[in-house]
Amino acid sequence: MENEGTSHTDIRKYPENTNTLLLLRNRERHGRHRQNRASYKILKSLICGGNYSYKKVWQKNSDKRIACEGGRLYFENFRIWYGGYNLKNEPKCLQINQPRSPNRKIEDALVACVHSECLPLPNDGHMSSLYCLENKWLLRFVLDKKQVLPVESVFLSPNRKFSDISWNEPHKSLVLRTTHNSRSNQQRVREAGAPVPILMLLAVFEVCPLSFVGMLKITEKVFGKDVVHAGLSQGFLITMHHSGWVKMYSFDWIVEKYRKFEAKLFEEFNAEGMICGDVPFGLPCNIQITECPPVLFKVRCAQHIVDVGGFPWHYLISPYSTKQSCFHVCNLTTGQLANNGTLAMDVTNLETDKASFYGDESGRILYLGAADIRLLKITAGDTGCQVYEDFSIDLSRSIKEEKALYTSSGRSIRRKVSTAELQDNSEVTIYNVDYENELDLLYTSAVYHDPEGTYNMLNLYHNTTGALLRGVHLDEPWQEVYEHRVHVDLDTMIKIVKPSPGKFCCIVYRLCSNAEEQEKDKTPKSTPKNQRTEHRRRSRTQAVHRRSR
C-alpha cells in the first residue's frame, strides 16, 4: 500500500508501448488524482493500435457555410448547431431559439471555452459562450449541454457595420473590426478635396464575463497615408502598409495614454445619459489616438504575413523583394538571419509553399510544400541560432509504402507494392496539416488522383518522430472541390467540403469497435438448404414431444 504522502505515478513516466490495462489499473488506483492525459493516452493507443476503426455515422448538406468551433457544428449562419452524440453516434441538433428578422445575418462567430480549474474566485459570467457578430450587434449565447441560451445583446454602432470578430488573446479578449475602407475609396475622397475618412474601427472586449475595454479609430493622419489594414493580436496593435511594412505597437500602452474614460456595458458614461452598448448610440469611441505611438517592431515582408515563435524568439517572413515560396527565419531581437534560415523547396510547384510556427508550442517550424512536409527546429549555439530539420514526411510516397491501411468501415487493406508503383505517378493535394493537442498527434489530410480513382487519405503521425501510426481512407465522391477541411477531435473526425459554389457538405466519422462486425462475419449465413434442414429438425423434435405426452 502506498502512503498518502507518496506522489502518485505520473503517466508521462510510462513508455510509449505501455499496456492499456496497466493504464486503466493505474487510473482506478489513483482515481481522485488521475489526469486527463492518462485517459487521452489510452484513447490514443486504441486509435492507433486497437481493434477500432473510424466509421461514417452522419452526413448533412447545406447551401450555407458550415463552421466547426469547439467540437460543435454550426449550420445556417450559426443559427442551428449540433453538439454531443446520441446512442446511434449521430450529432444531436439544437437550435438558437431567438426570433430574428430575415435581413439580419450572423456574419462571424467565436466560441469561448472556459476551464473550471482556471476560474478566479469569486466569478460571475464565467461560462462557455458563443459570441456572434450580427451586423451592428454583438450577441452572447451560453453553451449549455442541451440548448443555447441567449444572454446579452450589445448594440455596436448606428452607422458603422462590423464584419469580423477574432481573438486578441484566445478565450480572454476579442476584437471586432468594421468593414474595411478600401484604398481606392480613400483615393477618390482625397481627390475630391474632402477629409479622408477613417480606415476602420476596432472595438475590444474582455470575455468571461463580457466587458467593454474601448474602441479606437485607425486613420491616415496617425498611422500614415499608406496604411491599408490593421488588427489586434496578443496585445499588439498591428498596422499593415501599402509599401509592405508591418508595424506593431503596444495596445496596453495605447489604452493607458489615450483612453479618455472608462465605459461599462449597459451603464451611463456621460452627462447626457447615453448608455454604453444600447440603442441608439452604441459604443463610444473612448480611445482617441492623437499621434503615432512608439513602434515596438517593424519589418517589410510579402503579403503582410509575420509569424513569431521559437526558442529563442524568432520571426518568420517571406521577403518583400524576393519570389514567393521563400521564407526567412530571423532573430526577433537583432533581426539577424539564422544559420540555414532561408527556407525554400528544391522543386518548382504551381502552388505557393507555406511556413508557420507549429501549433504544439514546441517552437518548431512547419514547412509545407506540394507533397512534402518538414518540421524544423531552432537551436542556439556559440555562432548564433541555427535551423535544422527535425523530420520530414513525403505524402506522395507514404500511402504507397504503407503495408496495412484501413478503410472507414474498419476493413484492412493489404496488397503487394511493386517498384513501379513506388514512383510518383499520382497527383496529390494536401489540404490539412494540423495538430491534435489532447492526443499529441500530427495529422494530415490529402486527396490523391491516380488511375485507381480519387480517394481521401487521413494520416496520423507521431508528433516527435514523424512515424506514421495509422492511415484512414475517407469517402471522396468528388473529383474536385473548392474547399476541404478535416478536424480531428479525440475520437471524432469531421470533414467539411465545398464541392461546388453555394454547396457544402459535412461528414462525421466516429471511432467504433470492430467486434460486432467480426461476430456477424463469423455467424454462418442462412441459406435455403440450411433453412429446410432446420425446419425438418424442428418438426421431428415436436413429434417426439407429442408422443411422449
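Counting from 1, the numbers follow the sequence of the chain as shown. Below, each value reflects all heavy atoms present in this structure, side chains not excepted, and no hydrogens, waters or symmetry copies.
- With T465 contributing its side chain and H462 its backbone, the two residues share no donor-acceptor pair below 3.5 Å.
- Within 6.0 Å of atom CZ in F155, more than 12 heavy atoms from other residues, nucleotides or ligands are found, so the atom counts as buried in its surroundings.
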### Message
side chain to side chain donor-acceptor pair (under 3.5 Å), that's the test. Do K55 and N89 meet it? Break it down for me.
### Response
CA-CA 10 Å; K55 300 177 183 178; N89 260 338; over 6 Å; no
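- Nearest heavy-atom pair, G471 versus N459, reported as atom, atom and distance to 0.1 Å: CA-OD1, 3.5 Å.
- Between R364 and E389 no salt bridge is recorded (no basic side-chain N to carboxylate O distance below 4.0 Å).
- In this structure, I494 and C68 approach most closely via the heavy-atom pair CD1-SG, 3.9 Å.
- K354 NZ: 12 or fewer foreign heavy atoms inside a 6.0 Å radius.
- Between H328 atom NE2 and I317 atom CD1 the span is 7.5 Å, to the nearest 0.5 Å.
- Judged by distance alone, the side chain of N432 and the main-chain N or O of V486 form a donor-acceptor pair under 3.5 Å.
- Using a 4.0 Å cut-off between charged side-chain N and carboxylate O, K44 and E436 make no salt bridge.
- The CD atom of E69 sits 13.5 Å away from atom OH of Y131, with the distance rounded to the nearest 0.5 Å.
- To the nearest 0.5 angstrom, I430 atom CD1 is 8.5 Å from S396 atom OG.
- Between K136 and E107 no salt bridge is recorded (no basic side-chain N to carboxylate O distance below 4.0 Å).
- L237 CG to L216 CG: the interatomic distance, rounded to the nearest 0.5 Å, is 6.5 Å.
- For W81 and F75, the gap between ring centers reaches or exceeds 6.0 Å.
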### Task
May I have the step-by-step check of side-chain contact (heavy atoms from CB on, under 4.5 Å) for I47 and Y52, ending in yes or no?
CA-CA 7 Å; I47 291 175; Y52 290 82; over 6 Å; no
### Task
List the steps, then state whether side-chain contact (heavy atoms from CB on, under 4.5 Å) holds for V428 with V447.
CA-CA 6 Å; V428 56; V447 174; over 6 Å; no
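- The distance between the ring centers of W58 and Y82 falls below 6.0 angstrom.
- Put simply, the side chain of S173 gets close to the backbone of F205: a donor and an acceptor are under 3.5 Å apart.
- Expressed to the nearest 0.5 Å, how far CG of L265 lies from CG of L283 amounts to 7.0 Å.
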### Task
List the steps, then state whether side chain to side chain donor-acceptor pair (under 3.5 Å) holds for S211 with E206.
CA-CA 5 Å; S211 60; E206 296 287 342; 5.8 Å; no
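- Taking the side chain as every heavy atom from C-beta outward, Y74 and V111 approach each other to under 4.5 Å.
- For the residue pair N463 and D360, a side-chain donor N or O sits within less than 3.5 Å of a side-chain acceptor on the partner.
- The shortest non-hydrogen separation linking D226 to S243 is OD2-OG, 3.1 Å.
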### Message
Would E134 and K161 count as a salt bridge (Lys or Arg N to Asp or Glu O under 4.0 Å) here? Give the steps.
### Response
CA-CA 9 Å; E134 190 183 64; K161 179 182 178 182; over 6 Å; no
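- Not a single donor-acceptor pair under 3.5 Å links the side chain of R485 to the backbone N or O of V497.
- Two residues are said to be in side-chain contact when any heavy atoms from C-beta on lie closer than 4.5 Å; Y455 and L474 fail this criterion.
- Looking at S392 and R374, their side chains never bring a donor and an acceptor atom within 3.5 Å of each other.
- Surrounding CD of E480 are at most 12 heavy atoms belonging to other residues, nucleotides or ligands under 6.0 Å away.
- Shown here for R470 and L46, the closest heavy-atom pair between the two residues is NH1-O, 4.4 Å.
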### Query
Would V227 and W245 satisfy side-chain contact (heavy atoms from CB on, under 4.5 Å), going step by step from the backbone distance to the final call?
CA-CA 9 Å; V227 60; W245 286 99; over 6 Å; no
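- In this structure, H304 contributes its side chain and H241 its backbone to a donor-acceptor pair below 3.5 Å.
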### Task
Determine, step by step, whether L210 and V154 satisfy the side-chain contact (heavy atoms from CB on, under 4.5 Å) criterion, reporting the C-alpha distance in whole Å, the side-chain angles of both residues, the deciding distance to 0.1 Å, and the verdict.
CA-CA 10 Å; L210 183 66; V154 180; 4.1 Å; yes
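- One N or O on the side chain of T178 and one on the backbone of L201 form a donor-acceptor pair closer than 3.5 Å.
- In this structure the side chain of F504 reaches within 4.5 angstrom of the side chain of R65, judged on heavy atoms.
- When I218, T219, V228 are each tested for a side chain to side chain contact (heavy atoms under 4.5 Å, CB included) with L199, only one passes: I218.
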### Message
Under the criterion salt bridge (Lys or Arg N to Asp or Glu O under 4.0 Å), I'd like the reasoning laid out for K60 against E90: C-alpha separation, chi angles, the key distance, then a yes or no.
### Response
CA-CA 11 Å; K60 183 175 176 60; E90 298 176 348; over 6 Å; no
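- Considering only heavy atoms from C-beta on, M200 comes within 4.5 Å of H229 through its side chain.
- Judged by distance alone, with hydrogens and angles left aside, the side-chain atoms of T239 form no donor-acceptor pair with the main-chain N or O of A230 at under 3.5 Å.
- The shortest side-chain heavy-atom distance between R177 and S163 does not fall under the 4.5 Å cut-off.
- Side-chain contact between D372 and I393 is absent, with no heavy-atom pair separated by less than 4.5 Å.
- When every heavy atom of A109 is checked against every heavy atom of I165, the shortest pair comes out as N-CG2, 3.7 Å.
- Checking side-chain atoms of N86 against main-chain N and O of P91 turns up no donor-acceptor pair under 3.5 Å.
- In plain terms, the two heavy atoms of E152 and R140 that are nearest each other are OE1-NE, 2.7 Å.
- The shortest distance between side-chain heavy atoms of L395 and T444 falls below 4.5 Å.
- Between K217 and C285, the closest side-chain pair of non-hydrogen atoms falls below 4.5 Å.
- Note that the CZ atom of F391 and the CD1 atom of I373 stand 9.0 Å from one another [nearest 0.5 Å].
- Ring centers of Y358 and Y435: under 6.0 Å apart, within the cut-off.
- Side chain of N168 to backbone of G235: a donor-acceptor contact under 3.5 angstrom is found.
- Ionic pairing of D475 and K56 is present here: one or more N-O contacts between side-chain nitrogen and carboxylate oxygen are shorter than 4.0 angstrom.
- Atom CD of Q234 has more than 12 heavy atoms from other residues, nucleotides or ligands within 6.0 Å.
- In terms of modelled atom types and a separation under 3.5 Å, the side chain of S62 and the main chain of K64 share a donor-acceptor contact.
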